[in-house]
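Written out below as structure tokens is the structure these notes cover.
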Amino acid sequence: MTTEPQHEVSRAEKLRRIEELGIDPWGGRFDRHQAIAEVLEQPIASEESQQPRARIAGRIKLRRIMGNVHFLHLWDHTGEMQVMIGKKQVGELGWALARHLDLGDLIGAEGRFGKTKTGEPTIFADSLTMLAKSLEPHPDKHKGLVDVERRQRLRYLDLIYNPETLKRAKQRVLLIRTIRQYLDSRGFMEVETPTLHAIAGGAAARPFITHHNALDLPLYLRIALELHLKRLLVGGIEKVYEIGRVFRNEGISRKHNPEFTMMELYQAYGDYQTMMDLTEALIVACVDALAGTRKLTYSGREIDFSPPWQRASYTELFRRYVGVDMRDVSAVRQRAETSRLPLAVKDATTGQMITKEHDVLVHELFEHHVEEHLQGPIFVYDYPAALCPLTKRKRGHPDIAERFELYIQGMELANAYTELNDPVTQEQTFRRQLAGLSEEESMAKMDDDFIRALRYGMPPAGGLGIGIDRLCMLLTDAASIGDVILFPLLRPEKKD
RNA sequence: GGAGGCGUAGCUCAGCCGGUAGAGCAACGGACUUUUAAUCCGUGGGUCCUGGGUUCGAGUCCCAGCGCCUUCACCA
């Protein structure tokens, strides 16, 4: 430790001088201030005597010092505007304070709202209030904060200096509000279910493990909302939904954060076709609320959300892009070989090689060859049954499950089933582990408590899950999930 | 986990063939009561991510590590 950084020294020194003036550098209650956008909306009278007074609070983003007059740009979350501080106008104490301000400080300003000679809307301050000192230097006034890592770690600075970050945060709120309004107005009831689960079911993903001390009980953070919402269907809540955080202990990427937000809903006496119509209408409502046009650009490509969206069966797409019939066992195996997909995997516990099951290969081929073509929006429906232990089988087709996924720009955005409500079949599919998948990787996890609920009678129903973060990415043209989550998971910084 | 890229002043970035570390903004001192990224004069500011190695000499070349990004794998 040699010398303290010059900026810290300088700001700490100014803090001390402000205190010496008898001013609290950390401010306090500041009533009756207006949003900057609100002030700027007012017409500006040319007669000084007719000009209204304005009172704002905000952060100093720019400062131009011209001897006995300072021009500041004050920023709040609604906008930015100029404040003029004249030596004569603010008085001796105000002027002393003005001289010790820095970029990044928070102040209140009050005075006449008018225009300067050059026509800039300006508050001509006659009163200044110190609200908080910034002891750290702020980013460059032109370039702002660019470094991706710092933008995520110091998200508060990102919000101040990159307008699109604040804009996305506001759009995300609007998106979720739109979903709530849409569902509430159609009789859906919003609920909150536990995040701590004794069995992490409802999806195929590795869970985070935790422990309850008083009960000496291992617990898991939920990986899906599904199984509790279905219990509520049993309980007679016929239209139910939850918007909540789920946790998956897996890799982090442009499209994956370990905790993310899901919306799941269930509608008694519906099926996956009901859900397809609902999904389309719900997402179009969100597009309308956020964009005002149904043709959006995502990473340079246009997505047209105008309904009706394409619908294609899994079988048909498989045939078209993989080139073989998905029911043809030997053809699928051969195609997997030519695609250089491993036909067997090592079992995690026994270490033995296990040959992959037909449906596992089918789905790997689908992901490998079909997904990239799904620019969408497109509903892919009727999945191989073995992949869907919670889904009702198609009548007369025991190998097909009534499931669809919505793809947009190659991303899986929504997933829906005709829900399996037969407890006997449910118990069987929970017991049956697909060869080539570990229990963790499998959706089939025995949950006796859930089976018991089904045994009391769950209405036939359609169910739907939408990845809110990914939807938000698409509607705000965000390249990375970290752009729509205010605090994405990062490795903690090392000390020193 | 594999491959590739990046890491230099508070911020944003240059730095060629290996030869004394640079700019703009920010900071500090000065001039200026209508400026618009204000301007002008002057000053200070560096563990070049970390640790090794090659070399007379390394920000630069090599190796290892750390962090971030991209991509593949994984992943409803």
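Chain naming here is simple, since letters A, B, ... match the order of the sequence lines and numbering starts at 1 in each.
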Next item on the list: Mind listing the residues from residues 241-255 of chain A sitting with a heavy atom below 4.0 Å of RNA chain B? Number order is fine.
Entry: R248(A), E250(A), R254(A)

Margin query: Taking salt bridge (Lys or Arg N to Asp or Glu O under 4.0 Å) as the definition, give me every residue that meets it alongside E259(A), ordered by chain and number, with sequence neighbours left out.
Written below: R245(A)

Polar pairs (N or O, both sides) under 3.5 Å between protein and nucleotides 1-3 of chain B?
none

Margin query: I'd like to check the side chain to side chain donor-acceptor pair (under 3.5 Å) partners of H256(A); sequence neighbours left out, ordered by chain and number.
Written below: S253(A), R470(A)

Margin query: Test of understanding: with side chain to side chain donor-acceptor pair (under 3.5 Å), list the residues that count as partners of R17(A), not counting sequence neighbours.
Written below: E13(A)

Next item on the list: Please name all residues satisfying ring pair (Phe, Tyr, Trp, His ring centres under 6.0 Å) with H358(A), sequence neighbours left out, ordered by chain then number.
Entry: none

Next item on the list: Mind jotting down which residue pairs meet the salt bridge (charged side-chain N to carboxylate O under 4.0 Å, His left out) criterion with at least one end in residues 135-144 of chain A? Sequence neighbours excluded, please.
Entry: none

Next item on the list: State which residues pass side chain to side chain donor-acceptor pair (under 3.5 Å) with D399(A); sequence neighbours excluded, sorted by chain then number.
Entry: none

Check: Within the pair R64(A) and A38(B), is there a side-chain N or O less than 4.0 Å away from OP1 or OP2?
Finding: yes

Checklist line | Per-nucleotide protein contact string for nucleotides 28-33 of chain B, where B marks a base within reach and S marks sugar-phosphate only (heavy atoms under 4.0 Å, - for neither) | finding: S---BB

Pairs: protein N or O with nucleotides 21-24 of chain B N or O, under 3.5 Å:
residue, atom, partner, partner atom, Å
G24(B), N2, D140(A), OD2, 2.8

Check: Can you name the residues that form a ring pair (Phe, Tyr, Trp, His ring centres under 6.0 Å) with W95(A), not counting sequence neighbours?
Finding: H70(A)

Next item on the list: Taking salt bridge (Lys or Arg N to Asp or Glu O under 4.0 Å) as the test, write out the residues that go with E120(A), two or more places apart.
Entry: none

